[in-house]
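Structure, as structure tokens:
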Amino acid sequence: MSFPLLTATAALPALGAVATAAVPAAQRTAAKWLALLVSLATLALGITVLVRFDPGGDRYQLTESHAWIADFGVRYELGVDGIAVALLALTALLIPFVILAGWHDADPLETGNKRWRPTQGFFALILAVEAMVIISFEATDVFLFYIFFEAMLIPMYFLIGGFGDSAHEHGDEAAATQRSYAAVKFLLYNLVGGLIMLAAVIGLYVVAGNFSLAEIAQARANGSLHMATSTERWLFLGFFFAFAVKAPLWPLHTWLPNAMGEATAPVAVLITAVVDKVGTFAMLRFCLQLFPNASKWATPVILVLAVISIIYGALLAVGQRDIKRLVAYASISHFGFIVLGIFAMTSQGQSGATLYMVNHGISTAALMLVAGFLISRRGSRLIADYGGVQKVAPVLAGTFLIGGLATLSLPGLAPFVSEFLVLVGTFSRYPAIGIIATFGIVLAALYTLVLYQRTMTGPVKPEVASMPDLRPRELLVVAPLIVLLVFLGVYPKPVTDIVNPSVKQTLSDVHKKDPKPSVEAAK
């Protein structure tokens with residue numbers, strides 16, 4: 001039997017989480033290094049998956065299939081297509097930077113006689129989330145996917161509620177209450193979505209008799225599985241609701257600003273750059289493939305919700321006074337673009353949406369981690385508490401600017417290509433929707449440049465006059481992300497070559513072709 005590479009890629013961080021949690025309390029530094037080494041080894045396995053994947057080969061590759069709960073048709077089935085490979089590689093890439101950026105975020109502190117925040121637990125939870133996200137990208141059994149789709153909520157709950165910013169570190173009870181509220185809200189929203197999805201998963205089993213994604217899709221394609229129109233639509237809505245909560249899509253988004261605002265910057269990156277991608281990925285893998293007719297039926301409403309997310313998220317970002325909440329609302333706007341690209345039902349739109357997931361992960365990680373370094377120096381998330389930072393910490397300000405410019409999709413940086421493809425794909429089929437979505441780009445420029453102007457330029461405020469510039473560890477976190485933003489902005493071909501064949505197969509699932517140009521080329 002060949003080496004189970006996909007299992008190993010998910011199992012390694014899971015085992016690393018257990019080993020990290022078991023490190024003696026006095027060996028905090030050893031726990032950090034163990035977690036970092038495990039994440040780097042997982043990255044090596046992720047690169048191996050990327051190298052071994054053949055874009056021109058079978059749809060699902062490196063497959064594994066074993067009996068699990070045979071009486072109920074549940075199997076341990078794994079496989080990756082081009083979309084899953086790209087997101088798996090993104091996850092494996094970002095976790096080492098998350099760990100390095102949070103190197104001191106969970107150091108135990110003394111508050112009177114109270115000792116709290118176990119360092120080992122913080123890094124073990126990060127590795128646990130990585131393991132669950134990776135296997136979610138790999139799972140081709142619907143029930144197996146559901147288990148880890150829900151299970152990742154538990155470590156995320158503790159990361160949000162148990163570890164926080166400087167106000168909490170100094171024993172501020174109000175901040176602790178806000179953090180608990182954000183963690184509970186995150187958990188409840190996603191649990192409700194998951195429970196609705198569970199009902200749909202059971203309904204799918206009743207109709208199909210098994211949970212295998214490949215078998216169900218094949219049966220639907222060859223006509224041996226007939227699903228009533230109303231049944232398909234209800235099942236689609238059950239799946240889509242859970243994914244829209246995770247994504248997050250308006251109006252199911254309200255948990256995200258609370259969660260990102262109250263979590264540490266590395267955990268905020270984990271939320272929006274890693275965990276939330278499972279929602280949009282699952283729309284492509286499960287909603288479109290299992291319920292093609294219902295997907296087309298729901299498209300007009302979903303496109304409207306996506307456009308509302310784009311404009312609403314951007315408008316609220318413009319009015320934010322909190323740096324982290326601004327990035328959270330900007331992410332809601334960006335996820336609107338991703339959903340728009342998915343349901344535009346064009347190859348450009350879906351390629352752009354997949355590329356957007358990758359590029360948004362990198363750009364948001366760069367911006368949020370630099371923002372975290374800035375906040376840790378000043379001890380405040382409020383924009384008004386900053387000013388003139390570029391004069392005392394030019395490298396920090398420069399990297400913050402590049403992360404911000406990537407967020408507004410400046411040409412030459414990675415998100416521009418993906419946003420352009422999404423808009424082109426949308427314009428070709430839904431021009432009115434595309435025109436409205438374009439206003440999101442204008443608003444992105446406004447909130448990004450105003451944020452930079454208010455924090456980095458102008459007179460130096462006394463509170464930031466002695467602010468140190470980026471330290472070597474922090475530069476090690478930020479520099480590779482900046483390099484990737486530039487490289488993928490100039491040369492996105494390595495990613496598009498991987499995802500495009502899978503996008504074409506997804507379009508084939510919903511029996512859609514790219515619309516022909518409405519105006520003939522001049523002769």
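Side chains included, hydrogens not; waters and symmetry mates left out as well; all remaining heavy atoms used.
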Let me check something: any side-chain donor-acceptor pairs from residues 459-468 under 3.5 Å, sequence neighbours excluded? List them with distances.
from	atom 1	to	atom 2	distance (Å)
Lys461	NZ	Ala384	O	2.4

Practice problem: Flag yes if more than 12 heavy atoms outside Trp68 fall under 6.0 Å of its CH2 atom; otherwise flag no. | Solution: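 Enclosed: over 12 neighbouring heavy atoms sit under 6.0 Å from CH2 of Trp68.
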Quiz item: Counting only heavy atoms not in Arg52, do more than 12 fall under 6.0 Å of its CZ?
Solution: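 Counting neighbours around CZ of Arg52, 12 or fewer heavy atoms of other residues, nucleotides or ligands fall under 6.0 Å, so no.
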Self-check item: Aromatic plane relationship, Phe143 with Tyr146 - under 30° parallel, 30 to 60° tilted, over 60° perpendicular
Solution: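 Ring orientation of Tyr146 relative to Phe143: tilted.
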Quiz item: Phe243 vs Phe286 aromatic rings, parallel, tilted or perpendicular, using cut-offs 30° and 60°?
Solution: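 Rings of Phe243 and Phe286: tilted, 30 to 60°.
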Report yes if the side chains of [X] and [Y] come closer than 4.5 Å at any heavy-atom pair, otherwise no.
X: Val450; Y: Ile383; value: no
X: Val417; Y: Leu488; value: no
X: Ile134; Y: Leu6; value: no
X: Thr457; Y: Tyr452; value: yes
X: Phe335; Y: Leu249; value: no

Sub-3.5 Å donor-acceptor pair from the side chain of [X] to the main-chain atoms of [Y], do we have one?
X: Gln27; Y: Pro24; result: no
X: His253; Y: Ala244; result: no
X: Arg381; Y: Gly261; result: yes
X: Arg285; Y: Ala139; result: yes
X: Arg28; Y: Gln120; result: no
X: Asn190; Y: Leu153; result: no
X: Gln320; Y: Leu316; result: yes

Exercise. Apply side-chain contact (heavy atoms from CB on, under 4.5 Å) to Met357 and Leu90, showing your working.
Key: CA-CA 9 Å; Met357 288 187 243; Leu90 171 70; 5.7 Å; no
Could you report the tightest heavy-atom contact between [X] and [Y], atom names first, then the distance?
X: Ser136; Y: Met152; answer: OG-CE, 3.3 Å
X: Asp469; Y: Arg377; answer: O-NH2, 2.8 Å
X: Leu374; Y: Val389; answer: CD1-CG1, 4.1 Å
X: Gly440; Y: Ile310; answer: CA-CG2, 3.8 Å
X: Glu150; Y: Leu195; answer: OE1-N, 4.4 Å
X: Val267; Y: Leu159; answer: CG1-CB, 3.9 Å

Determine all donor-acceptor pairs shorter than 3.5 Å in which one atom belongs to a side chain in residues 272-279; sequence neighbours excluded.
from	atom 1	to	atom 2	distance (Å)
Thr272	OG1	Ser331	OG	3.3
Lys277	NZ	Thr272	O	2.8
Lys277	NZ	His360	ND1	2.9

Self-check item: Side-chain donor-acceptor pair present, Glu419, Tyr356, cut-off under 3.5 Å
Solution: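 Tyr356 and Glu419 do have a side-chain donor-acceptor pair below 3.5 Å.
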Quiz prompt | Salt-bridge present (Glu262, Lys185; N to O < 4.0 Å) | solution =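 Judged by the 4.0 Å cut-off on N to carboxylate O distance, Glu262 and Lys185 do not form a salt bridge.
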Quiz item: OG of Ser351 to CG of Asn500: how many Å apart, nearest 0.5 Å?
Solution: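 It comes to 3.5 Å.
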Quiz prompt | Verdict with reasoning, Tyr189 to Thr254, per side chain to side chain donor-acceptor pair (under 3.5 Å) | solution = CA-CA 9 Å; Tyr189 266 66; Thr254 59; 2.7 Å; yes
Quiz item: Mind checking what makes side chain to side chain donor-acceptor pair (under 3.5 Å) contact with Thr7, not counting sequence neighbours?
Solution: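 In terms of side chain to side chain donor-acceptor pair (under 3.5 Å), with neighbours along the sequence ignored, Thr7 is linked to Glu64, Tyr76.
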